[in-house]
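See below for the structure under consideration.
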Amino acid sequence: MTSADAAAIFEKIALLMELKGENPFKIRAYRSGAEIVESYAGDIMKMAEANELSGIKGLGEALRDKLHELATTGHLSFYENLKSEFPDGIFELFEIQGLGPKGIKQIYAELGVGSTAELKSAIEDGLVAKLAGFGEKKAAKILEGIAFREAHASEFRLEQVMPVVEQVLEILRAHPGVSRAEVCGSYRRGKETVHDLDFLVATKHPENVIEGFVSMPMVIQVIAKGSTKASVHVAQGLQCDLRAVASSEFPFALNYFTGSKEHNVAMRQRALSRGWTLNEYALSQIEGREGTAIPEIEDEPDLYRALGLDWPEPELRENTGEIEAAEKGQLPYLIKLENLRGVFHNHTTASDGKATLAEMAEAAQELGFQYLGIADHSKSSFQANGLDATRLRRQIETIRELNQTFGSDFRIFAGSEVDILKDGSLDFDDDLLAELDYVVASVHSVFNLPEAEMTQRIIRAIENPHVTMLGHLTGRLLAQRPSYAVNIPTVIDAAAETGTLIELNASPWRLDMDWRWWKLAKERGVKCSINPDAHSVHGLKDVVFGIRSARKGWLTREDVVNCLTLDEVTTLIAKKRLKS
DNA sequence: GCCGTTTTCGGCCCGACTGTTTTCAGTCG
């Protein structure tokens, strides 16, 4: 039982209690308990086992006891009892947009609907629309929600799969028969979501390695098992495939299984033009054709070199110009995690964050950052306990005081994540915005505007000289909620014209603005700010996801303002408002 | 269910939008 497992159980208890119409504050206690358990810096399960949990704010007696039971026995009778009152499929229903706990409770009580599939047929049979409080439109909206969910059901976000990748690689590399192991596929290419995970090993004893792979502790089901490949399911239905090849084949297999398909096609064409043929095992002479001698190939760079190319980072391999750039020696020198010197857009307990200003500052320094931007929510974001003018002014003052305690090598920037209101005006007046070091402007409400109106709304906001950067441009939540309608190229042009930065929100739920647009933004001269949108100390580390997306968008350290030094970035965030 | 405490129970997060209503409940952020 890991802390993540325990947190998931608390979260499910909260859902089931919503169904039962329990006291909302009790529900909230479980939900916040889940977050505390998940993000606790330390081995909370070990502490729970030893009954050493007292003093953690938000974990009272009841939750401490339940954690102790989970840590010692591996299950929780309270949860088992609660769960037995509903069918297993009931949890799926919470993932459907437009349907909440009251609705789920009603369709279960009156129609016996306890899964997405049953709900779908009940709607199609016209049963849901007839229920009191429902109607044709609501039923149709729920059906849309189901369709979106189904279309994205096999998509996994990076924060879901990254721990699996690390564990599997660790197991494979520890295997005595394995000389090389790598993850391939869209994960290696840095895609924002993945459907499955592809692993590759070099070994002389494939059967042994395959056997080790299918008997890993996280394996729930073995789908296929042969002498050179196997497929398994791990938690949440995530599929992991393994390919075992000889060491001499490894570079070719690594290249082939990394893809993308389009990139591979281009590679094979290049091989053909040299009289060679390329597959997942080798580069070889085409029989009966005169070709130049094939050089020795031990790793991927050798393979690219043989084809007259520089080695493109996996993130670039989408056949969107990387082959041409590799040929001309013009591949970008992609940004790396260690280039980041600070982050903007983070939250504290002042709004909906879980850590205090001081805790966030300490964590940022531990990560080696020179600066930390705080941008708590503004007053219209009630749900997030947004700050009003008085509280924000007090926070600015606290930040200024705290800054006195740091040396010249660290600074907190006082900012705000200001809501862009429906008409494109901002949640604070210009006088207050002028007191801040910087401003992130984001849309958090009225997502259903027509595209032209939404685009204008955002452009009006970034035309404000105090708006330093535009937060999560499309509002999407990966695999859960689509982007609102907005014309991205038009917004990019406006950002270029007004000298506004665009954020790459590094939360694995968002990765917004999407990597596909950064090349265009770069061409227009728009700079990027990679921000974790951290709501806890732990959340600061989400920058790793943002870095992957930035690399996929061809960004270098010159394109990302958080790579600037403290002095440089201080000048930069003041630039736009000075110009006006 | 947690917190703070005038150590025993009251307070804890609010508003817009939608679709259903005929004055409001559910959902979302």
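All values derive from a computational prediction rather than experimental measurement. Below, read A as the first sequence line, B as the second, and so on, with proteins coming before strands; counting in each chain starts at 1.
Counting only heavy atoms from C-beta on, Ala62(A) has its side chain closest to dC2(B) among dC2(B), dT20(B), dC17(B). Listed nucleotides dT27(B), dG1(B), dG19(B) differ in distance to Leu99(A); the shortest reach to its side chain belongs to dT27(B). Comparing atom distances between the Lys57(A) side chain and each of dT27(B), dT18(B), dC3(B) picks out dC3(B) as nearest. For Pro101(A), counting side-chain heavy atoms from C-beta on, the closest listed nucleotide (dG1(B), dC17(B), dT27(B)) is dT27(B).
Screening Arg524(A), Lys522(A), Arg551(A) against Asp559(A) for a salt bridge (Lys or Arg N to Asp or Glu O under 4.0 Å) leaves a single residue, Lys522(A).
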Close N/O contacts between protein and nucleotides 11-14 of chain B (under 3.5 Å):
from: dC13(B); atom 1: OP1; to: Arg28(A); atom 2: NH1; distance (Å): 2.6
from: dC13(B); atom 1: O2; to: Phe382(A); atom 2: O; distance (Å): 3.0
from: dC13(B); atom 1: O2; to: Gln383(A); atom 2: O; distance (Å): 3.4
from: dC13(B); atom 1: N3; to: Gln383(A); atom 2: O; distance (Å): 3.1

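With DNA chain B read from its 5' end, the first of the two nearest nucleotides for Lys66(A) and Lys137(A) is the one closest to Lys66(A).
A distance of about 16 Å separates the P atoms of dA25(B) and dT20(B), rounded to the whole Å. Taking atom C1' on both dT8(B) and dC13(B), the two are 25 Å apart, rounded to the nearest angstrom. Nucleotides dC9(B) and dC14(B) place their P atoms 25 Å apart, quoted to the nearest Å. dG11(B) and dT6(B) have their C1' atoms separated by 16 Å, given to the nearest Å. Rounded to whole Å, the separation between the C1' atoms of dC12(B) and dA16(B) comes to 22 Å. Nucleotides dT23(B) and dC17(B) place their C1' atoms 16 Å apart, quoted to the nearest Å.
Counting only residues at least two apart or in different chains, salt bridge (Lys or Arg N to Asp or Glu O under 4.0 Å) contacts with residues 87-115 of chain A comprise Glu95(A)-Arg149(A).
The nearest whole Å value for the distance from the CG atom in Leu143(A) to the C1' atom in dG19(B) is 17 Å. In this entry the distance linking NZ of Lys422(A) with C1' of dC17(B) reads 9 Å, nearest Å. As a whole-Å value, the separation of Leu449(A) CG from dA16(B) P is 15 Å. Going from atom CD of Gln97(A) over to atom P of dT18(B) covers 15 Å, rounded to whole Å. What separates CG of Leu131(A) from P of dA25(B) is a distance of 18 Å, to the nearest Å. If you take CZ of Phe134(A) and C1' of dG19(B), they are 11 Å apart, rounded to a whole angstrom. Going from atom CD1 of Ile142(A) over to atom P of dG26(B) covers 13 Å, rounded to whole Å. One interatomic measurement links the two molecules: CD of Glu18(A) to C1' of dG1(B), which rounds to 15 Å at whole-angstrom precision.
Leu63(A) comes within 4.0 angstrom of the backbone, heavy atoms only, and of no base. Looking at heavy-atom distances under 4.0 Å, Gly98(A) makes contact with sugar-phosphate atoms alone, never a base.
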Quick one: side chains of residues 500-507 of chain A, donor-acceptor pairs under 3.5 Å with protein atoms, not counting sequence neighbours, listed by atom name and distance.
from: Thr500(A); atom 1: OG1; to: Ile462(A); atom 2: O; distance (Å): 3.4
from: Thr500(A); atom 1: OG1; to: Thr498(A); atom 2: OG1; distance (Å): 2.6
from: Thr500(A); atom 1: OG1; to: Lys576(A); atom 2: NZ; distance (Å): 2.8
from: Glu503(A); atom 1: OE1; to: His472(A); atom 2: N; distance (Å): 2.8
from: Glu503(A); atom 1: OE1; to: Asn505(A); atom 2: ND2; distance (Å): 3.0
from: Glu503(A); atom 1: OE2; to: His345(A); atom 2: ND1; distance (Å): 2.7
from: Glu503(A); atom 1: OE2; to: Asn531(A); atom 2: ND2; distance (Å): 3.0
from: Asn505(A); atom 1: OD1; to: Ser507(A); atom 2: N; distance (Å): 3.1
from: Asn505(A); atom 1: ND2; to: Asp533(A); atom 2: OD2; distance (Å): 3.0
from: Ser507(A); atom 1: OG; to: Trp509(A); atom 2: N; distance (Å): 3.2

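Base pairing of dG26(B): its partner is dC17(B), meeting the Watson-Crick or G-U wobble criterion (both donor-acceptor distances under 3.5 Å).
Below 30°, between 30° and 60°, or above 60°: for Tyr438(A) and Phe344(A) the angle between ring planes is above 60°, a perpendicular geometry.
Within 6.0 Å of CD in Glu124(A) there are more than 12 heavy atoms belonging to other residues, nucleotides or ligands.
Salt bridge status for Lys541(A) with Glu159(A): absent, with no side-chain N to carboxylate O gap under 4.0 Å. A salt bridge links Glu35(A) with Lys354(A): the closest approach of a Lys/Arg side-chain nitrogen to an acidic carboxylate oxygen falls below 4.0 angstrom.
Although no hydrogens or angles enter the test, the distance criterion places no donor-acceptor pair under 3.5 Å between the side chain of Asp419(A) and the main chain of Leu421(A).
With a glycosidic angle more than 90° from 0, dT5(B) adopts the anti conformation.
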